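A note on names: the letters A, B, ... follow the listed sequences, proteins ahead of strands, and every chain is numbered from 1. Please read these numbers as outputs of a predicted model, since none were measured by experiment.
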There are 2 protein chains.
Amino acid sequence: MNGSVSSTTDPGSGARRRSAATRDAILTAARERFATDGYERATIRAIAKDANIDPSMVMRYYGNKEGLFAAAVSVDLQLPDLAALPRDDIGRALVTHFLSVWEENEVLTALLRVGVTNQAGAERTQGVFRDQVLPVARQVCPDPEQIPARAALVATQLLGLALTRYVLRFPPTVALHRDEIVAWLAPTLQRYLTAPSP
Amino acid sequence: MNGSVSSTTDPGSGARRRSAATRDAILTAARERFATDGYERATIRAIAKDANIDPSMVMRYYGNKEGLFAAAVSVDLQLPDLAALPRDDIGRALVTHFLSVWEENEVLTALLRVGVTNQAGAERTQGVFRDQVLPVARQVCPDPEQIPARAALVATQLLGLALTRYVLRFPPTVALHRDEIVAWLAPTLQRYLTAPSP
DNA sequence: TGCGTAGGCCAACAAGTGTTGACTCGTTTG
DNA sequence: CAAACGAGTCAACACTTGTTGGCCTACGCA
């Protein structure tokens, strides 16, 4: 899978680098397992097997299962700067960005799956919302008091989409084309963020 | 195999009834555990302890853990007849009904938690959508071809609300008042179901 | 009164879990 | 070259899981 650890072309040293390589292999395997199996069913043994090493190596490098999860799942939504956009485009921009990030990064599925059954996972999900979604809402909301509520509404719609499309896999939701999703959801988010409160 | 072996329809007391009582106790405890812990962490031992009986009784009555889950979690959304409502009220009616059902019935939380980490749970969730949500969308959608997509959109918004409010417990989402939720979400659902496709 | 049947408990099984410690072996360093 | 170090493996621990079978007990019918 990874390879090229061979000591032939090493400017540095063999064993020194190997640890970094296997550490990465462990993290990659862990992300995959957490994303598809959730926290409880993603066993350290299975992750180690995917990474082609002994389970004890996982413990050596990450302490315990919680530490492995903490190290493997770190989310950066890379949300765009909404203040720089035309005010009427932020809904559309959010949906398209959200779809792209989610589809190219299995970490988000992992975080969602784990957050549902694991307390630490839920808190970590809350952290992503608090540290990355709320600030963006702050950029476009005039009334500071309404920011949490409006950001929360955005989260319900976007996470609901991810849940039914990428986790529960409702056939009609999976069948939706990207353009359809954008066309339907953009006005919703636009309203949640910019419309006067009802 | 089980069920009414006695030929006489006895209202008689005694052991005959006790089994029904403990069966109910098991189901109640199971629902609670599945709702709070998800499938894997809801152990048969814990459920049995909650029901004040031996774990083996669970096996005797429900075969295995999957059978117990199947028996414990059966969802009836009792969705209202949307065709009988003024067309402009169906969004609001859906949100209010959904909130009520979810808050008085922990089965829905159980189903969502299990559906995220368990294949059988995911399929059961799909079944609820297919058998109960789709038909209701059929009542109000003019174009039959658009029914699945529109019902899917409704599901994303409602399940996203439930996910962030009742499972992940995002503080701002939990803080939302029932009226606020209705006021914000009703127009969204109304549009998803009745507006011309964008 | 006696007996069968069913509710219920106890103890145990096999499998799988996270986790630990001792051990091997190649590489780096003095 | 010899010592030290660190990557990696092996085998085992202690525990929990779902699941099973044997046993006791009390009720209801004969």
Quick one: [X] [atom1] to [N] [atom2], roughly how many Å, whole number?
{"X": "B/F34", "N": "D/dG18", "atom1": "CZ", "atom2": "P", "result": "9 Å"}
{"X": "A/N64", "N": "C/dT20", "atom1": "CG", "atom2": "P", "result": "8 Å"}
{"X": "B/E40", "N": "D/dG18", "atom1": "CD", "atom2": "P", "result": "10 Å"}
{"X": "B/D54", "N": "D/dT25", "atom1": "CG", "atom2": "P", "result": "16 Å"}
{"X": "A/K49", "N": "C/dG18", "atom1": "NZ", "atom2": "C1'", "result": "17 Å"}
{"X": "A/R33", "N": "C/dT17", "atom1": "CZ", "atom2": "P", "result": "10 Å"}
{"X": "B/I47", "N": "D/dT19", "atom1": "CD1", "atom2": "P", "result": "11 Å"}
{"X": "A/Y39", "N": "C/dT17", "atom1": "OH", "atom2": "P", "result": "14 Å"}

Open item on the list: Can you tell me if A/T22 touches the phosphate of D/dG8, counting only side-chain N or O atoms and a distance under 4.0 Å to OP1 or OP2?
Closed with: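 Result: yes.
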TODO: Taking only the side-chain nitrogens and oxygens of B/S19, find out if one of them lies under 4.0 Å from OP1 or OP2 of C/dG7.
DONE: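 For C/dG7, OP1/OP2 do have a side-chain N/O of B/S19 under 4.0 Å.
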From [options], pick the nucleotide closest to the side chain of [X]?
{"X": "B/K65", "options": "C/dG8, D/dG8, D/dG18", "result": "D/dG18"}
{"X": "A/R45", "options": "D/dT19, C/dT19, D/dT9", "result": "C/dT19"}
{"X": "B/M57", "options": "D/dT9, C/dA12, C/dG8", "result": "C/dG8"}
{"X": "A/I44", "options": "D/dT19, C/dG18, D/dC10", "result": "C/dG18"}

TODO: Mind telling me whether B/F34 and B/Y39 have parallel, tilted or perpendicular rings, with 30° and 60° as the class edges?
DONE: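 Aromatic pair B/Y39/B/F34 classed parallel.
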Open item on the list: Angle between ring planes, B/W102 versus B/Y166, binned at 30° and 60°: parallel, tilted or perpendicular?
Closed with: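 If you compare the ring of B/W102 with that of B/Y166, the planes turn out parallel.
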Task: Contact nearer the 5' end of DNA chain C, comparing A/T43 with B/N52 - done: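 Of the two residues, B/N52 wins.
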Task: Comparing A/G63 and A/R41 on DNA chain C - which has the more 5′ nearest nucleotide - done: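 So the residue in question is A/R41.
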Task: Ionic contact status for B/E106 with B/R113, cut-off 4.0 Å - done: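 No, this pair does not count.
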Task: Donor-acceptor contact present, side-chain B/Q132 to main-chain B/L77, <3.5 Å - done: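 Checked: pair present.
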TODO: Using a heavy-atom cut-off of under 4.0 Å over every strand shown, decide if A/Y61 touches base, sugar-phosphate, or nothing.
DONE: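 Contact class for A/Y61: sugar-phosphate only.
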- [ ] Please state whether the base of C/dG8 and the side chain of B/R60 form at least one donor-acceptor pair under 3.5 Å?
- [x]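 Per atom types, the contact qualifies.
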Open item on the list: Do A/E40 and B/T117 pair up side chain to side chain, a donor and an acceptor below 3.5 Å, judged on atom types alone?
Closed with: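 A/E40 vs B/T117: no donor-acceptor pair found between side chains.
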